[in-house]
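Working notes, structure below.
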Amino acid sequence: MATAETGVQAASPGTGEAAVRVRDLTVVYATARGELPAVAHVDLDLPAGQITGIVGESGSGKSTLALALLNAVQRPGRILSGSVQVAGVGDVVTLGRRALRQARGGKIGYVFQASQSSLNPLKTVGKQLLDLGRSHDVADLRQLIREAKGLAEEMGLDPVRALGSYQHQLSGGMRQRVGIIFALVLNAHVLVLDEPTTALDMLSQALVLGIVRRVHRERGLTTVIITHDIGVVAELADRLAVMYAGRIVEEGRTEEVLASPLHPYTAGLIAAIPRIVGDPNRSRPLSGRPPDLTTVPPRGCPFRERCPVAMDVCEVEDPALVEVPGGRRVACHARGRGVAVR
Amino acid sequence: MSGLARRLASRIVVAVVMIWIVASFTFFLVRAIPGNPVQAEYETLVSQGVNPAQARAETQVIYGFLPHQPLATQYGHYLWQLLHLNLGKSISYTGTPVSHIVLSAAPYTVILVLSGIVASFAIGVIAGVLAAVRRSTRLGDVLSVSGSLLHGVPQFVMALLLAYLFTTEWAIFPFGAPYDASIPVGFSPAFIGSLVSHAILPVAAYALSSYGGWLLTMKSSVVSVLGDDFVLAAELRGIRPITRLRYIGRNAILPLFTILALSIGFMFGGSVFIEDIFDYPGLGQLLLQSINRRDYPLMSGAFLLITVAVIVANILADLLYGVIDPRVRKG
Amino acid sequence: MVAVDPLVPEARPRLPRTGFWSGAGRVVLRKPSRIFGLAVIVFFALMAIVGPFLYPKNLPIDPNAIYAPPSLAHPLGTDFEGTDVLALIVTGARYVLYSAAVAAVVTVVVGTGVGLLAGYYRGIRDSALMRVTDLFLTVPGFPLLIVLSTIWNFGAAPAMGLVLGLTGWGGLARAVRSQTLSLRERGFLEAARGLGLSTPHIVIKQILPNVAPYVAMNLLLSVTGAIYAEVGLFFLGVVPFKANNWGVMLNLAVFSGGAITSQNALIYLLSPLVAILLLTLGIVLFLDAMDELFNPRLREG
Amino acid sequence: MRLRLRHVAGLAALAVGLAACTGSSGSSGSSSASGSGSSGGTFTAINEFGTIHPGAPKNPFNSSGNYYPSYDEMQLCWLAYSASNPNACFPGLAKSWTSSDGGRVLTVHLQPGAKWSDGAPVTANDVKVSLAIAFTQGTAQPANLGSVKVVNSSTVQLIQSPGANDNTFASDVLQLPVVPAKVYGHLLPADIWSLIATSQYGGSSKAKTAAAKKASGTLVALGKKIAAYAPSQDLSAGPYVLSSLNPGEAVLTKNKYFYAASRVHPSQVVLRAYSGNSQIWNYLISGQLDAAPYTAMPTNILHKVLSVKGNKELVSRTFVAASLGFNEHDYPYNLRSVRQALAYLINRQAVQKVAEPVSGSPSKYTTGMIDSVVHDYLSSGQMSKLNTYSYSPSKATHLLEGAGFKKVNGQWMLPNGKPWTITVQTVNGFSDWIEASKVISSELTTFGIPTTAKISPDYASYLTELANGKYAVGFWLDALGPNLYTTYQRLYGTNDGYVVQGGKLTHQGPNAPAAAEQGNWEDTPTTYQVPGVGAVNPGELTFKLSQVPVAQQRAIVAKLAQATDYELPVIQLWNYLNVQFVNTSRWTDFPSGNEGLLNNQPGLWISMGYVHKR
């Protein structure tokens, strides 16, 4: 990794208290071949005050999982089973419509990826903030605007200009910061960032990640970053969960997972990262393509086709996510047999 | 707003050039028309029982309203008079100024076209939103099918059907006049009621024949906006459903404004059919009458006014678009 | 930070151009409505080609069977002079389709040409062409046609098609221009020019095929537009007719037969109406297939 | 479609000057059921001008003006439309009139109680001003009016122009509209009558001719000004006065100052505008009209109209026939046998049944007059000599073969061996003509002469091209009457090269420069040789009809009828019938059977005491 110093995790090492507790979550999408799972039996704890990174290729179900945290899976998908307990909110899966809406934005902030336009193009940022305030029954809208301006200033934006602008007048980096204002202005304590830096130029990426790190620390947030970019996770996250075909295949403290991946997929991802120092030819892309909903094998380990250490049992049995010593979890029949990927 | 003003100014310049071209076109067209209107008027008078000598004398009075100068002089005079909103004098109305005739017919067409557009736009847009949001339900299907069916029916067919059903089969609505002449004109309930009841059928013909188009366009626009990220973003921010619907509606309606401009032209064009079929005394009927009577000054006046109405409506639609879409406003 | 992203899936391969016709066949056959649409179009096209040969040049009249109700001899009844309405529909199809086809071809040729050139050249030539296009789009088409009818007796089918085409190409030109511009934005033209290709080559060989699907769909759409317009003109009776056609039938049914006012001539009114609606329905249904054929995105749905 | 109505309907009321009406028989129809029945209520009829334009001036001299003859616009008398007795006339503002000086002077006595709707009396000066205006409109000159003399406030003398000897002088001048002097008088210069006198100069002095021309120009300019003049309100001497109007209808209320107000029962008249026949059909079927004028319609509509409660049909004749005309400059239509053969080939019953099923009757004779006038003027012996050209292909074959035509492979060949085809020209919008042309085409094609109907885009270009000799066979309206000079002028007038110039008849061939507006497109021979009659010069005979006393017309008409029937410059297809409708569920006592009144508008019926509340 280019930046090895990840001092963040020192802030709250090994906290037992989880702000979000996902249990046996299954999300299915209706297709021509019936309902197929995009997220299958996921168990995941997001420790309070920590940054958790969820990494995976497109189609791995990570974005679906992120939406499921807000019970916002879009049709034709739906949450089939499981629960998502959010501290101070309850199980969002069973929450009533109104309470759910209050939780979204109010308790859980969500930041879209920068390439997406998360703002109504026809309204200024300020007016949309007022809409947000009204939707959440904020009594003092002026105070809300003041807070938003404060946040803007904190993130290096000209507050008056930012709030008076339309989306098309904002650059990608500015949009992302405005997105964070929306997520935090109501004092949400859980922050979900979906690909927060994709499509940003390098400077903006660094800026946005810096801001995320700062607000996280200052506001004592519980943060989830969904990304396909291991570099982002390495720089920011305390914990790391790797997703493949709707399953969490490995989870643990970031530096531990990166240093010694237990799942061959994790190892493959890491090996695929080109290094700045050293021979670029040493980076080995993963062979094969990730499965989508319809190509996930119904039986056995979904990774076996691309797995360098696949065994016979992988053909028939989907490995469960089991805890291994050191507070890590992995779902692989070959665990402990030394994944010689490096 | 200076962007808007600049936009308006450039549109007006373009509009003036267009009006000049259309005016010149009708000017030269009228002078290229074969056949002698005086002769036709004479024959008509004679077949109505006027004796030939008298008919000839009468047509001479009418003939007096036809110009005799060289073409270039006439053209210059015509343009100069046009600047003063003088469109010349009618033949079939013996010397009554054309501008007077067309301007008194214009309100009826404008009433019909505007009410038709407003009604079809409002109903079509609401139905389009419903059809999009409920697109997997029976209601959505019914709405979409109704849109496709009506969209395929030409204006004059719609007008014929309505005329057959509601003036003959079930003679529910009055027809043949813009209002009951025995009611004094004014802002009285009786007068307005009479005006409305006489306009219902033609307005319905306009509205029904364009409703399908609005519905289908709005539906596909809403569907595409529903897929936009900001809609999901608003949901994830816990924005109230009614506010979200406003967001969707306003964004989805935008592309319709570009079509609105074209549609206005189409509606004004359709006035020829609708006013003919319902005997409504607007510009369309005037245009047809002037052509049947070969009253060329009146014909060019009516055509010019229809064109100007469309151009003005286009500018208004364009400005409206500018007001609604901030991206255009600044750009 | 990392510059290259190993996880972005590779771009979708372009659809192979081979087997276009078999692909087209499959697309059409997928929905019964499309088969129906195609069948209707073929049916009317055949009617237009063969129809007039099935009947004598002057259709027989029968003053003793005016507005006769439908019977075996006259499946759709008779008209004001006792002529078989079915025969009128069949023989009238040629005029309607012939002029509509001419109109569509003129629309497409002029509209595509203007749109391509405007989009290709941009600048002053673009502005000039687009102002002309705006003029044609703004001036309300139907009144213009009526006014034109006073100096130009365009009752013959090719002339009618020409007039409708020449007044109706604005929308297509504008659309083709924006398509061309978007090709330009994608660096398409610069690349072609970089290869040293000549302007005609770029326009005809490179741009045209890319806008062709859109143009093809518009060809069908302008057929329906032209049918409405010509039938409307004849219905109003401002254009003297050269040959029997559906619009004339509508005019005679309404204004001389009183079809709106009494039921006797109703079937005489309904027959051409249904023929018009059926033909346009067929075209609309078939357009759906073309839409899918040329817009691969829809194919996944 | 719509043009057709405008075309023929107007003769019911629009006529400004036909036939004569001398004073003696003046007060004919006014005796009808006197003042019984209550008054009040609305009478709904059709505005026979068609459309109403609220912006047009309330001025009878404007062709689209808002004035309604017999309702709020009055004239001195109303023509009774009698062919056999052209003297019949219903009194209007004139109670009676006498002629003296061999018909050159007409002394008119106004209705004693005649008043304008503001209560002021109608005076002789009003008449004088109105007639002066008629000179500016070009309507007084053809009536041969010379000057007007006010005898006293209710008596006025009308004097023929010097040198004129017009047998229809009285009717022509008495039918000119009378308007109030206080409204229109200020539009005329003080020297108007000397201007009129100057303009009438017909001598040979160059200076005076130039002065006359200048004066005429001044009159025409005045006429334009007057036609466009918009009085602020309607001042009526008729039974009604305009109260309000919109493009759909005009509302007129009863004029309490009308001289016969006690006979007028409906307190309000609504005149509906129309732009096409189908609109009148709709009004009739919805039972809204108390009276509807001549309206062309198909049989199915007629049945539907008559099935409505109270609707009744009133049929009277019109003086119009539809004919197929020939340009005898074009071969082979210069051959009498060809024209006769075609007459045998066209089944006029079938043509009428298709083209004008309700308001037409097939013409029995082609005499240049409608059939009923033939009965009035010809003896039964003379009529028996007329050929009715009953449908007979064999006679046609015989005639054609006699002229050297041959039928080869089912198609007729001209004597020169070339195939014979015919194009019948009609006018766009004249659906009866178009339908007739289709029937004729079908009949002739079946016979072996391939015939097609061709349609001109509009009446103006049809007439222009017709006059320029572009058409060999085309439609024509003839038998216009009841004035017999007008009737025969349709055949042997300007369109046959006969032009009256300076009181003399001249003839121009088709190749001569066309007369001001009409060319010679008929090109009939100037002399006919008619079996049993001898040599006939139709142009001269026609001109004579305008000159000789009425009593002498009969002999001329007999000759012209025989000649026309034999030579067939046109083939008369059908006579139009004046089919009107009334509704008897609100009002009764309509003048059914009174042809003279039926040819006038309901306003006259009402002011003559007809139309009572049910």
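Letters A, B, ... are given to chains in the order of the sequence lines, protein chains preceding strands, and every chain is numbered from 1.
- Minimum interatomic distance between Gly248(D) and Pro178(B) (heavy atoms only, all atoms of both residues): N-CD, 3.6 Å.
- Between chain D and the residues Phe278(B), Tyr280(B), Tyr108(B), the largest count of heavy-atom pairs under 4.5 Å involves Tyr108(B).
- Dense packing is recorded around OH of Tyr78(B), with more than 12 heavy atoms of other residues, nucleotides or ligands lying under 6.0 Å away.
- Put simply, CZ on Arg272(D) and CG on Asp279(B) are 11.5 Å apart, with the number rounded to the nearest 0.5 Å.
- For the set Ala273(D), Ala230(D), Ser244(D), Ser243(D), the entry with the most heavy-atom pairs within less than 4.5 Å of chain B is Ser244(D).
- Contact check for Asn246(D) versus Tyr179(B): side-chain heavy atoms found under the 4.5 Å cut-off.
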